[in-house]
Amino acid sequence: MDVSHIIDSLNEPQREAVTCGPSSQLVLAGAGSGKTRVLVHRIAWLIEVEQIPPFGILAVTFTNKAASEMRGRIEELLGTPAGGMWVGTFHGLAHRLLRRHWQEAGLPQQFQILDSDDQLRMVKRSIRSLDLDDKQWPPKQSQWYINARKDEGMRAAHIEDMGDATLQQLVNIYKTYETLCKRAGVVDFAELLLRSLELIRNNPELLQHYQQRFRHILIDEFQDTNELQYAWLRLLAGTKNPVFAVGDDDQSIYGWRGAKIENIQNFSKDYPNSRLVKMEQNYRSTSTILNAANAIIANNSSRLGKSLWTEDEHGDPIKLYSAFNEIDEASFIAGQIQRWVELGKRRKDAAILYRSNAQSRVFESTFIEQGIPYQVYGGQRFFERAEIKDALAYLRITVNRDDDTSFERIVNHPPRGIGEKTISTLRDLARSENLSLWEAANKSLQHSLLNNRAKTAIEKFVVLINELSNEIDSLVLNEQVGQVIETSCLKDHYLKREGEEKGKNRGENLDELVSAASSFNYKPEDEHVNMDFLSAFLTHAALEAGNAQGDSDEDCVQMMTMHSAKGLEFPLVFIGGLEEGLFPHQNSINEEGRLEEERRLFYVAITRARKQLFITYAEQRQLYGNTLLGSPSQFIREIPKELIEEIRPHMNAYSAPNTRAYGNTRVVEESASGFSSGDYIHHEKFGDGVIITIEGNGQSARVQINFSNVGSKWLVMGYANLQKR
DNA sequence: ATATAGAATCTTTTT
DNA sequence: GATTCTATAT
């Protein structure tokens, strides 16, 4: 058999990974080492050489983009569609399992998916229904708590509160939230995974069926898996099926949202007979860039250990520019890009990376001023826009009347005279009789529990939804969407309330929703999943919220956070804001684990560059209204000096000793109290520390102090009684 | 039900 | 500084 098309283009370690027998493997794939290529070729090898039917392969990724890219490349390599193969995101595949086995999973057939925004509303309702003050129990925090527990595989019932009142209350909120979701027939993102894990764990026949089916499991970006996702994988793989995990511990930058770098570190223990392959040859960057990346990441402990190399040339040194302030930084970068363009290069080959989104503002205004086209990544996504979610909520409630999240969203939107008081009557009724809001509304009508005005309004709403539901029953998807927009009068509402500009824009988005529905081609590829078009479309909207912005056809400079740059590459890269406190971010500086994650982020950012890398920092920066004096990031000093060329070395990042051991940012203005940030102080109770920030003046000023024993605290100057040291 | 003012918040993000 | 939420008035 001719396997040359599969293995010829591979280097030694890649080939080793691709052609390996049926044992589990951990492929440590450094940045730019051909990670996707190995996954794709491995699957082709399994199908063509090992004669595994596509049916027997499960390949998991994190994003829809990665999944569709993988499928596309596999089919290209095979020259035929790989039908029956399961390729998708964790959430997409878990969703599929739940649709297939909704009964065993204890879900209604028409269950809907909550996105984070819907989830937050639901958490708010849970808190309110417990009569808790949402000042004291911030919904965001509760949402975070619930998701964190679910990501660990924990239900409210599993949590021991150990007599801790706060914890007890959080568990209560979690419990109530579970009840409300069940009653509404909705599941959140984490629930998709947890529920499907429980589904196969509690149904031995099902588990056996899938374990026998999926003889090979492959996982991309393994370092980003959380506890729940890894448990899900291991359960599906069982003891016999090999797991092919590809990842890079040095690129683990999502610990803050539950990713467990430990998973990749423990893989070899969990699969004792597994093989380890390291792919260290880089096909992207110059050796200068790689040497810098290697040197930086070497400062991290507990790595699996990897060192990138290339056959490419040295290339230009890394350029370091110390800007006077953030405006100077932006115009320096703009100037460099102008030069790049004058050399005949494309703007879209240049990228500006930064730590936090707030930094994009100055870049944007500078680029607008100079007339340089640019594109900012991230931000609002299509299906998350308010007007789109409104229309979807109408659609959802026609599918499932008990969907309380949708009910609350649209019951008085556009306004139809149903006020807070009426709604809260319905909520109380729903709570005491264990009904959905829709059921409560109907009951209140039957038993005349409302005053006349409210009664008429509610009646009108109920009739509206029922009629809408009938009307669209016989229509095709895009007509259904159009009808909903028509009947709901959403367009008029927005136009009236938000004026020409904004309202018109919302209207256009609603039109866009109709065209999205027209071009939505749902092919029921899974004969065991029986979804109508509308449900499939609603699922699609929740699970694939769409790109934050369409690809512009114009030649644009790319601006994005370092996080969203992962997986991309650009010939010319600028990394801005290399100041202590900004990057590494203040909140990460004092914890070793988090500092290492910041360093990995820097490693990711650096390895995006192919040919030329610029690093900039500002000595002075306006941030949130105050002017901060920053000192160069400690990361700059981790780059070997000989790889760097300082462009305007009037404040030498190397020779200037970093005298301030802590925050390194200080407010310029001396506050009237005689203290300023950077001062070393002593506090009677908390001990020694250093002032990081001062907000306000005199005795009423709020000061943030980093104490060596108790960490960072906010104190009021008048009460703190600080002593200078 | 909306308009306005004051307060609070400001790291990273996919599903 | 900019935006988004919340309380209060009309």
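By convention in this document, chain letters (A, B, ...) are assigned in the order of the sequence lines, proteins followed by strands, and residues within each chain are numbered from 1. Because the structure is a prediction, the values reported are computed rather than measured.
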Under the side chain to side chain donor-acceptor pair (under 3.5 Å) test, residues paired with A:N325 that sit two or more places apart
none
Sugar-phosphate, base or nothing in reach of A:Y254, heavy atoms under 4.0 Å
sugar-phosphate
Whole angstrom value for the distance that separates P of B:dT13 from NE2 of A:H585:
12 Å
Distance check: side-chain N/O of A:R381 vs OP1/OP2 of B:dT15, anything under 4.0 Å?
yes
For A:T539, check side chain to side chain donor-acceptor pair (under 3.5 Å) against everything at least two apart and list the hits.
A:R99
Across the strands shown, which category fits A:S564 at heavy-atom distances under 4.0 angstrom: base, sugar-phosphate, nothing?
sugar-phosphate
Check whether any side-chain N or O of A:N226 sits under 4.0 Å from OP1 or OP2 of B:dT14, and answer yes or no.
no
Going by an N to O cut-off under 4.0 Å, is there a salt bridge joining A:D248 and A:K35?
no
Which of these passes salt bridge (charged side-chain N to carboxylate O under 4.0 Å, His left out) with A:E408: A:R121, A:R396, A:R125?
A:R125
Indicate the ring-plane relationship of A:F635 and A:F602, choosing parallel, tilted or perpendicular according to the 30° and 60° boundaries.
parallel
Return the set of residues passing ring pair (Phe, Tyr, Trp, His ring centres under 6.0 Å) with A:F367 (not counting sequence neighbours), or none when no residue passes.
none
Rounded to whole angstroms, how far apart are CD1 on A:I253 and P on B:dT14?
11 Å
Spacing of A:R257 atom CZ relative to B:dT13 atom C1', expressed in whole Å:
5 Å
Checking A:Q229 now: which residues fulfil side chain to side chain donor-acceptor pair (under 3.5 Å) with it, not counting sequence neighbours?
none
Whole-Å gap separating C1' (B:dT9) and CG (A:N626):
13 Å
Could you check whether A:D188 gets within reach of a base, just the sugar-phosphate, or nothing at all, counting any heavy atom under 4.0 Å?
nothing
Aromatic A:Y230 / basic A:R234 pairing, under 6.0 angstrom, 45° off normal:
yes
With syn meaning chi within 90° of zero and anything else anti, the base of B:dT11 is syn
Ring pair (Phe, Tyr, Trp, His ring centres under 6.0 Å) filter on A:F461, not counting sequence neighbours, yields A:F407
Return the polar atom pairs (N/O with N/O) between nucleotides 4-6 of chain B and the protein under 3.5 Å, or none.
none

Would you kindly give the CD-to-P distance between A:Q223 and B:dT14, to the nearest whole Å?
15 Å
Hey, does A:R594 reach any base, or is it just sugar-phosphate, or nothing, if we go heavy atoms under 4.0 Å?
base
By nearest heavy atom, map A:G419 and A:K135 onto DNA chain B; which one lands nearer the 5' end?
A:G419
Hey, is the side chain of A:N64 poking within less than 4.0 Å of OP1 or OP2 on B:dT15, counting only N and O atoms?
yes
When the P atoms of C:dC5 and B:dT12 are considered, how many whole Å apart are they?
16 Å
Side chain to side chain donor-acceptor pair (under 3.5 Å) partners for A:R409, two or more places apart
A:D390
Would you tell me if any nitrogen or oxygen in the side chain of A:S588 comes within less than 4.0 Å of OP1 or OP2 on B:dT11?
no
When the distance from OH of A:Y377 to P of B:dT12 is rounded to whole Å, what number comes out?
18 Å
Is the shortest side-chain N/O distance from A:T561 to OP1 or OP2 of B:dT13 below 4.0 Å?
yes
Can you pull the contact range of chain A along DNA chain C, 5' to 3', using atoms under 4.0 angstrom from its heavy atoms?
C:dG1 to C:dA7
Below 4.0 angstrom from OP1 or OP2 of B:dA8, is there any side-chain N or O of A:Y624?
no
So what does A:Q119 hit on the nucleic acid, given a heavy-atom distance under 4.0 Å: a base, only sugar-phosphate, or nothing?
nothing
When you compare the ring of A:H563 with the six-membered ring of B:dT12's base, are the centres less than 5.5 Å apart and the planes under 30° from each other?
no
Within the structure shown, what part of the strands sits under 4.0 Å from A:F62 by heavy-atom distance: base, sugar-phosphate, or nothing?
sugar-phosphate
Using the ring pair (Phe, Tyr, Trp, His ring centres under 6.0 Å) criterion, which residues pair with A:Y603? Sequence neighbours excluded.
none
A:K140 NZ - B:dT12 P separation (whole Å):
12 Å
Between A:R416 and A:E598, the residue closer to the 5' end of DNA chain B by nearest nucleotide is A:R416
Quickly work out the A:M562 CE to B:dT14 C1' distance and round it to whole Å.
19 Å
